[in-house]
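Source: prediction; values computed, not measured. Letters A, B, ... are given to chains in the order of the sequence lines, protein chains preceding strands, and every chain is numbered from 1.
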Amino acid sequence: MRLDVELEGFSGPLDVLCHLVESGGISASGISVSQLIRVYSEFLIENERATINEMAAFFSLIARLLLGKLKALLPPSPGNEQAEFERGSEAELIESVLERYRPYRAAAAGLAGMMQARGRSFTRGGSEEGPPWFDLGDLYSLCMVWWEMVRRRREGAGAAPAVLEEEWDGIPTVTPEEEQVEKRMVEIEILLSSKGSLQMSEVFGTVFSRQAFVVTFLAILEMARLGRVHLVQEVLFGDVRLSR
Amino acid sequence: MVTSGYRGENPLSPIARAVEAVLFVAVQPVGVKELASVTGSTEEVVAGALEEIKERYRDCHGLRLLNIAGGWSMATSPEQEEVVTLFRDVALSQRVRLSKAALETLAVVAYSQPTTRSEIEEIRGVRSERVLDTLLGHGLIKVAGRRKGSGTPLLYRTTDSFLSLFGLNSISDLPTLEEMQDILPVDEMSDDGGRDI
Amino acid sequence: MVTSGYRGENPLSPIARAVEAVLFVAVQPVGVKELASVTGSTEEVVAGALEEIKERYRDCHGLRLLNIAGGWSMATSPEQEEVVTLFRDVALSQRVRLSKAALETLAVVAYSQPTTRSEIEEIRGVRSERVLDTLLGHGLIKVAGRRKGSGTPLLYRTTDSFLSLFGLNSISDLPTLEEMQDILPVDEMSDDGGRDI
């Protein structure tokens, strides 16, 4: 197996945060959330490559930091194990999160270097291409294989899997699924390139869950923002046409 | 053209030649113990033979001996990267890309193993479900039981494939987190990756 | 010109080293023409390099260069036959590694035993005759009678060595769907392997 490292973009909101601090946008000590949001907005304007997922992850992180701070300000409720965010300034909070994260960020970079160095030597054994080999004795691989097959079969049989309502548990769970919006954008692009133009109702015609609906909607908005699609509503309250 | 001297090369020792042949046919790294049992000699003798091959390859050949994932593997020398990549068989071989997020997650697992998803997410500040799925799918990490206590979350560990991919013999060979701080950040590394670790 | 002693070995010429690296990774014999084009040199130079490698291997190594099927191949030397055969036998018996297909089939047998070949094939969607043979050969599954009724097909079950390999006390200890929930891919994992994470 040969793997390449994808070095573009950011690995997550904390990576962005480190980048902002390092590029001098923010001083490492005394960061406030409002200052962070201002600098991040400026950064977004300059850096058009930032994806909607990155932005969502960033704001979700900020929201979680604030939530932690709020909880710390309130008297501790019995059974609340949120002792992690102790009373302290925003700056200390952000700094402690960054401090914990930084070594791993550097380690990831180090690993990339090691992988590249290792990737320069090739071993044999490439005679059999394709299927990965499993060491026997890995119980969880075996089980995953089985349940994957069960799931595939259930889907293949047409029985729609039960849609689970997402648990609403404060802010932490609302982080968007990584990639979903981008995946949907690609799908819409493909539809568009095959058909030329589309009606909004066609795009939503195949969407059944609330989550998929939101994702599709976000995808269309994001494509519009990037100028990859034009939205025209020809008749008041009529359908919206998507074209390039 | 080459006149004198050519015939005068020192042959590898008989044990080194046997070890070489075994490593050539092996698909995965082979441990010293196994090499000793197969060649009918002691682990010390095998260790000496490996050293002999290693030096000879380094000095004279387009090959290398690598000490990875608890064993020894024959591989092409890094200097031959270009020509080997050009060669179709290798160019055709499977290539998967690891994102920065995947590397970061791998770093957390590698340094804090065994670790749980929530610990990883705590450090990375972002949901890591999918990245973990992909790493599991590529066999770079594995589930290694559950943590006792509330929720009994799954524990993750790195695998031997992880070691092979990064050219490590064991997890203890990983540079410490402190040492990693001194390694260049990814963005500053050029594409030719002209660095050896 | 050539000083004697260990450090004085003559390195192979740069072209020979490149040819060596290519032949090492090649799965089939490689022709002189292709070697020339990959190394960016002429066929004459490559022929010289091959001669160089051939002599060196014959004099010093546990390897050989073979001229077969119109091309060149690296192989182990005939003197190493015994050790290589021994290694292959040992490696095959000790290190059972399963392909994805074998693992899938094993999973079906484990979870739905006793089961028949046609049931397995129905779940997997592909023919599974050979894979079943492999698993039987490794002693991971066994034939446990025949199903009554039409055709009386063979029934398969996992063996005790399956249990001990996976560290299970009994088949009822296999993780249930609920227990596996948190590591199963959340959403549809797209099946293209070559994607970014």
Side-chain angles (χ1 to χ4, degrees), chain B residues 1-12 16-22 24-28 30 34 37-40 55-56 59-63 74-77 79-80 83-84 86-87 89-90 94-99 101-102 117 129-137 143 153-154, chain C residues 1-12 16-22 24-28 30 34 37-40 48 52 55-56 59-63 74-77 79-84 86-88 90-91 94-95 97 179 182-187 189 193-197:
Chain B
M1 211 164 90
V2 181
T3 50
S4 71
Y6 198 71
R7 304 283 309 172
E9 303 299 333
N10 274 320
L12 290 176
R17 274 178 293 175
V19 166
E20 185 182 38
V22 169
F24 177 77
V25 296
V27 223
Q28 303 173 263
V30 188
E34 196 172 353
S37 107
V38 158
T39 55
E55 275 188 32
R56 184 69 64 96
D59 295 344
C60 307
H61 290 266
L63 305 172
M74 239 165 119
T76 58
S77 128
E79 286 94 65
Q80 306 302 334
V83 68
V84 174
L86 256 179
F87 182 66
D89 286 23
V90 171
Q94 188 179 13
R95 267 173 183 245
V96 191
R97 313 191 98 187
L98 275 192
S99 66
R117 196 182 90 203
E129 219 161 347
R130 262 163 206 273
V131 185
L132 282 170
D133 280 346
T134 314
L135 293 174
L136 279 167
V143 174
L154 292 169
Chain C
M1 162 177 133
V2 175
T3 58
S4 67
Y6 197 70
R7 302 289 309 173
E9 304 300 335
N10 266 324
L12 291 175
R17 276 177 294 177
V19 167
E20 185 183 38
V22 169
F24 175 77
V25 296
V27 248
Q28 293 175 323
V30 189
E34 190 171 0
S37 105
V38 160
T39 56
E52 197 184 334
E55 277 187 31
R56 182 69 62 98
D59 296 344
C60 307
H61 290 267
L63 305 172
M74 238 165 120
T76 56
S77 117
E79 287 95 67
Q80 307 301 334
E81 186 193 355
E82 207 178 321
V83 68
V84 170
L86 188 62
F87 170 74
R88 284 208 157 140
V90 173
Q94 281 181 354
R95 267 195 227 145
R97 307 201 89 202
E179 286 173 322
D182 27 352
I183 52 166
L184 287 176
V186 214
D187 199 39
M189 276 232 292
R195 246 163 30 108
D196 297 353
I197 296 175

Check: B/T39 and C/F87 side chains under 4.5 Å, non-hydrogen atoms: no
Smallest separation among heavy atoms of B/E20 and C/G62, with atom names: OE1-N, 2.6 Å
Heavy-atom side-chain contact between C/P11 and B/H61 under 4.5 Å: no
Leading residue by heavy atom contact count with chain C [cutoff under 4.5 Å; candidates B/R17, B/M74, B/Q80]: B/R17
Minimal non-hydrogen separation, B/V84 against C/V25, with atom names: CG1-CG2, 3.9 Å
Separation between CG of C/N10 and CG of B/D59, rounded to the nearest 0.5 Å: 11.0 Å
Within 6.0 Å of CD in C/E79, more than 12 heavy atoms from elsewhere: yes
